[in-house]
Amino acid sequence: PRPHTGILMGNGLLGAMVWGGDNILKITLGRADLWDHRGGIDWTEQMKYSYLQGLLQTGDEKRLRKIFEGNQTISPGQPRRPTVLPVGRLEICLPGHLKAGLLETKTGHLQLLVEKRETARVKFDLLMTEPLLVVKWEKCLAPIKMKCLPAWHFVGQYLRSISFEPPNMFSNSGLSGWLQKRPADPPYGVVFQQEENYLILTIVTGESPEKVVEQATSLFTRYRKEKEKMLRDNRRWWQTYWASVPEISLPDKNLQFLYRYGLYKFAGLTNPWGVAATLQGPWIEDYQMPPWSSDYHFNINVQMCYWPAYQANRLKHLQPLFQMVWSWREKLRENARLFAGIDNGYVLPHAVDDRGKCMGGFWTGTIDHGCTAWVGKMMYDYYLYGGEKDFLREVAYPFMAGAMKVFEVMLEKRGASWRLPVSVSPEYRGSAMNAWGVNSSFQLACIHWLIEALINSGEVLGERPDPLWIDIQKGLPRACVQETNGQKKIMLWEGTDLEESHRHHSHWAGLVPFDIIDLTDPEWKEIVNYTYDWWWRQGMGLWTGWCLPWAAMIHARVGSPEIALALMAYWQHVFTNEGYGTLHDAQLYKRNLKETPDMRIGENKEVMQMDAGMAATAALFDFLIHTRRGVHYLFSGFPPASRGISFKNIRTPGAFLISAKRPENKVTQLEVFSERGGSFRLASPWPERTVITIGRKKLLLSGKQLEIYLRPGETALFKSG
């Protein structure tokens with residue numbers, strides 16, 4: 001009934017949401033890189049960390065807000081910030097009633113069933129390496145009537161206010177559609193060609209409207225000549241994709257569906273042929289401007305969109321993101337010069353467009369240098385999971401070193417100790433004047449992770465660690481731990497405990513995802529337990545959709561798999577709509593209000609983001625196998641009562657491909673294939689005695705943690721002894 005309940009088709013660039021009712025088929029179209037690049041803020045000399053530190057410590061709110069919120073001159077007809085643009089929709093009037101939609105995730109093919117005396121079909125194929133959507137209908141449905149509704153139909157008043165002109169509708173020479181000029185960017189066009197029983201459609205940009213039509217015409221001509229090959233190549237793309245991702249078997253059919261549809265959507269969101277995934281990817285609604293401009297949020301949202309890439313064995317899906325971020329390096333270096341006063345650093349704000357332009361005046365996000373470290377972690381994990389040393393040398397290591405150089409400026413030393421005098425925890429207290437403190441646990445985790453990653457990278461690349469890193473590592477706490485009511489807990493920052501239900505579990509970052517807290521250490525285990533108890537009591541009332549999968553991972557890792565699974569069910573029930581669209585806000589109703597029965601909380605305008613759905617898929621991997629401090633842990637997200645669980649070829653750090661079975665309440669078998677060779681460490685499910693077979697060689701080991709070395713291409717089989 002609504003765009004974001006529609007069936008999704010995407011190729012990383014173009015997107016289609018297929019929906020409708022009765023005899024009206026609606027196709028909401030999107031393209032992930034259609035930006036209006038005007039607006040945003042530039043870094044200035046006043047954004048220097050030391051100057052901001054003084055303003056915050058003296059409480060000078062007026063000057064602080066002027067720096068971040070008042071340095072923009074918004075001329076009439078100009079937007080405040082860049083945004084991805086909505087495109088519009090096609091409405092097809094069918095001589096029959098829509099009955100069902102059948103999505104074949106295996107092939108990316110969609111069939112709609114239409115009732116007209118007998119059932120007829122409408123078939124969809126979106127090509128994964130061409131900007132082309134193909135729609136065919138059976139001849140008994142012809143002729144069909146088509147209606148074009150550009151986004152101007154819905155948001156034209158706003159677009160006019162920021163200097164857009166109405167689109168130019170056209171229908172000539174066998175082509176139809178609309179051309180849309182952009183005030184500061186090249187025009188784009190939705191162009192389609194309709195025959196008796198099929199439609200081919202594209203969305204293209206060009207230097208001029210004429211070039212747009214020319215590109216579309218060339219693409220259509222090539223499709224007609226190479227149709228069979230293009231469709232065959234498309235089937236092959238999907239065949240290769242599903243052959244490479246892990247197979248998993250779960251006892252819960254809802255989780256199994258979540259995994260399958262999640263990986264299908266992941267392909268359409270992050271296809272390497274396309275562009276780096278934004279908050280909504282190619283699925284931009286037509287009836288409103290996209291929330292948060294569908295931008296790049298680097299304080300968790302982009303990371304979540306890409307979490308499945310690692311364990312799903314689809315590392316190349318990360319390449320468009322890394323290429324984009326690395327192309328910004330001069331801008332990020334200039335940010336570091338203005339913020340930290342250095343020429344060899346990188347600073348990435350939390351929200352930017354596809355050119356790295358800072359999106360708004362949210363000062364805590366703009367100075368949250370943890371965003372830079374977190375992107376560095378994505379890069380380093382790419383190396384860990386795949387072993388590509390050239391990428392580590394040329395991109396990941398320089399980026400991490402540049403991020404650390406900025407933290408070195410932010411830190412201050414007192415005696416043998418180090419501290420971070422001004423730090424933030426993502427989105428905690430918004431942009432209030434008290435939304436900061438000393439030693440944010442989030443940023444401490446980022447710093448410790450950076451140092452460990454740089455030292456480990458140096459061992460691979462032959463680079464000596466900076467002695468300053470070692471000194472900071474020794475003198476800086478791994479988290480802000482303070483005692484309250486006789487219990488040591490991880491705080492947000494000094495003097496600030498978790499005061500309310502908060503959507504960003506940033507103080508847990510040392511556990512997940514940065515993994516710098518060792519749960520085998522009794523002292524840390526006690527601290528984590530007290531922190532966990534307090535966090536649990538604060539509840540979930542202020543959480544958003546993407547919070548749930550992250551929280552589920554935390555519950556599983558600290559030993560509460562029952563709650564982890566319950567949270568996944570809760571997320572599916574409350575934070576997805578009837579079309580399995582992933583929502584930012586809870587789908588709640590106030591049914592006790594007589595005058596407005598079933599009124600949704602809010603404005604009933606869905607905020608769809610892809611981060612939660614992708615994080616939910618990644619959480620299932622994490623439940624099955626994850627690493628902590630270099631050790632592999634099996635089935636931590638499934639309680640003993642869970643039966644019939646198995647997985648095959650989940651990728652882990654070290655370029656291992658892991659398969660395991662747990663048919664009852666015990667693991668029966670573990671298989672480890674080493675792609676590149678190295679040490680494999682395991683928290684053994686059979687601590688008394690484990691039999692390991694490597695080729696013709698057998699090993700008998702015992703203990704809670706096992707370690708073996710595998711050569712490239714070797715497979716080890718683990719079983720109970």
Legend entry - Test item: Phe621 and Tyr310 side chains (from C-beta on) under 4.5 Å apart, heavy atoms: no
Legend entry - From CG (Leu110) to CG (Leu8), nearest 0.5 Å: 10.5 Å
Inset, instruction - Give a yes or no answer on whether the side chain of Asn11 reaches the backbone of Glu130 with a donor-acceptor pair at less than 3.5 Å. - result: yes
Inset, instruction - Taking the six-membered ring for Trp and the single ring otherwise, decide whether the centroids of Tyr382 and Phe322 are under 6.0 Å apart. - result: yes
Inset, instruction - State which residues pass side chain to side chain donor-acceptor pair (under 3.5 Å) with Ser506; sequence neighbours excluded, sorted by chain then number. - result: Ser425
Inset, instruction - Determine whether Leu25 and Val18 make a side-chain contact, defined as any pair of heavy atoms from C-beta on separated by less than 4.5 Å. - result: yes
Legend entry - Lys/Arg cation over aromatic Trp242: Arg260, 6.0 Å, 45° cone: yes
Inset, instruction - Can you measure from CG (Leu85) to OG1 (Thr83) and round to the nearest 0.5 angstrom? - result: 6.0 Å
Inset, instruction - Would you confirm whether the ring centroid of His505 sits within less than 6.0 angstrom of the ring centroid of Trp535? - result: yes
Legend entry - Ring-face cation of Arg314 near Phe266 (centre distance under 6.0 Å, axis angle within 45°): no
Legend entry - Derivation of the side-chain hydrogen bond (donor to acceptor under 3.5 Å, both in side chains) call for Asp22 and His97: CA-CA 5 Å; Asp22 197 18; His97 296 276; 2.4 Å; yes
Legend entry - Side-chain touch Gln609/Asn301, heavy atoms, less than 4.5 angstrom: yes
Inset, instruction - Give, for atom CH2 of Trp307 and atom CE of Met378, the distance between the pair rounded to the nearest 0.5 Å. - result: 10.0 Å
Inset, instruction - With the side chain counted from C-beta on, respond yes when Leu548 and Met568 share a heavy-atom pair under 4.5 Å apart, and no when they do not. - result: no
Inset, instruction - Answer with yes or no whether the side chains of His109 and Asp125 bring together a donor and an acceptor at under 3.5 Å. - result: yes
Legend entry - Leu231 side, atom CG; Arg236 side, atom CZ - distance, nearest 0.5 Å: 11.5 Å
Inset, instruction - Check the pair Asn271, Trp237 against side chain to side chain contact (heavy atoms under 4.5 Å, CB included), reporting the backbone distance first and the verdict last. - result: CA-CA 10 Å; Asn271 180 12; Trp237 191 98; 3.3 Å; yes
Legend entry - From Ile248, Leu258, Val245, residue fulfilling side chain to side chain contact (heavy atoms under 4.5 Å, CB included) relative to Leu263: Val245
Legend entry - Sequence neighbours excluded, every pair satisfying side-chain hydrogen bond (donor to acceptor under 3.5 Å, both in side chains) that has a member inside residues 542-559: Tyr532-His555, Thr544-Trp546, Arg557-Asp622
Inset, instruction - Please step through side-chain hydrogen bond (donor to acceptor under 3.5 Å, both in side chains) for the pair Asn577 and Glu606, ending with a clear verdict. - result: CA-CA 9 Å; Asn577 61 28; Glu606 289 170 303; 3.0 Å; yes
Inset, instruction - Answer with yes or no whether the side chains of Asp286 and Thr28 bring together a donor and an acceptor at under 3.5 Å. - result: yes
Inset, instruction - Compute the ring centroids of Tyr428 and Phe442, then answer whether they are less than 6.0 Å apart. - result: no
Legend entry - Between His632 and Phe680, ring centroids under 6.0 Å: yes
Legend entry - Donor-acceptor pair, side chain of Glu247 and main chain of Asn649, under 3.5 angstrom: no
Inset, instruction - First locate atom OG1 of Thr107, then atom OH of Tyr241, and finally report the distance between them rounded to the nearest 0.5 Å. - result: 13.5 Å
Legend entry - Neighbour count >12 (heavy atoms, 6.0 Å) for atom CH2, Trp536: no
Legend entry - Donor-acceptor pair between Gln311 and Arg651 side chains, under 3.5 angstrom: no
Inset, instruction - Answer yes or no: is there a donor N or O on one side and an acceptor on the other, between the side chain of Arg31 and the main chain of Ile203, under 3.5 Å? - result: yes
Inset, instruction - Verify whether one side chain among Gln572 and Asn254 offers a donor that lies under 3.5 Å from an acceptor in the other. - result: no
Legend entry - Donor + acceptor pair across side chains of Ser441, His507 (<3.5 Å): no
Legend entry - Any side-chain donor near an acceptor of the partner, Glu285 and Gln280, under 3.5 Å: yes
Inset, instruction - Evaluate the side chain to side chain contact (heavy atoms under 4.5 Å, CB included) criterion for residues Val528 and Leu519: first the C-alpha distance (whole Å), next the side-chain angles of each, then the deciding distance (0.1 Å), finally the verdict. - result: CA-CA 8 Å; Val528 166; Leu519 286 181; 3.7 Å; yes
Inset, instruction - May I ask you to test the Phe124-Ile27 pair for a side-chain heavy-atom distance under 4.5 Å? - result: yes
Inset, instruction - Kindly say whether the aromatic ring centers of His626 and Tyr633 come within a distance under 6.0 Å. - result: yes
Inset, instruction - Please find out if less than 6.0 Å separates the ring center of Phe656 from that of Phe673. - result: no
Legend entry - Salt-bridge present (Arg2, Glu578; N to O < 4.0 Å): yes
Inset, instruction - Taking atom CH2 of Trp238 as the centre, report whether more than 12 heavy atoms of other residues, nucleotides or ligands fall under 6.0 Å from it. - result: yes
Inset, instruction - State, with a plain yes or no, whether a side-chain heavy atom of Thr270 is found less than 4.5 Å away from one of Leu318. - result: no
Inset, instruction - Would you name the heavy atoms of Pro251 and Ile645 that are closest together and state the gap between them? - result: CD-CG1, 3.8 Å
Inset, instruction - Examine distances only and state if a side-chain atom of Asp611 and a backbone atom of Ile300 form a donor-acceptor pair shorter than 3.5 Å. - result: no
Inset, instruction - Could you verify whether a donor N or O on one side chain and an acceptor N or O on the other, from Ser294 and Thr278, lie under 3.5 Å apart? - result: yes
Legend entry - Ring centres under 6.0 angstrom apart (Trp292, His584): yes
Inset, instruction - Would you check if there is a donor-acceptor pair between the side chains of Asn299 and His297 at a distance under 3.5 Å? - result: no
Legend entry - Close side-chain approach of Leu14 and Leu132, heavy atoms under 4.5 Å: no
Inset, instruction - Supply the atom-to-atom distance Phe647 CZ to Ile625 CD1, rounded to the nearest 0.5 angstrom. - result: 4.5 Å
Inset, instruction - Sequence neighbours left out, what pairs pass side-chain hydrogen bond (donor to acceptor under 3.5 Å, both in side chains) with at least one residue falling in residues 657-667? - result: Arg643-Glu664
Legend entry - Heavy-atom side-chain proximity of Gln111 to Val122 below 4.5 angstrom: no
Legend entry - Expected output: side-chain Ser684 to main-chain Trp686 donor-acceptor under 3.5 Å: yes
Legend entry - Under 3.5 Å: donor-acceptor pair, side chain of Gln538, backbone of Leu498: yes
Legend entry - Side-chain donor/acceptor of Trp273 to backbone N/O of Thr129, under 3.5 Å: yes
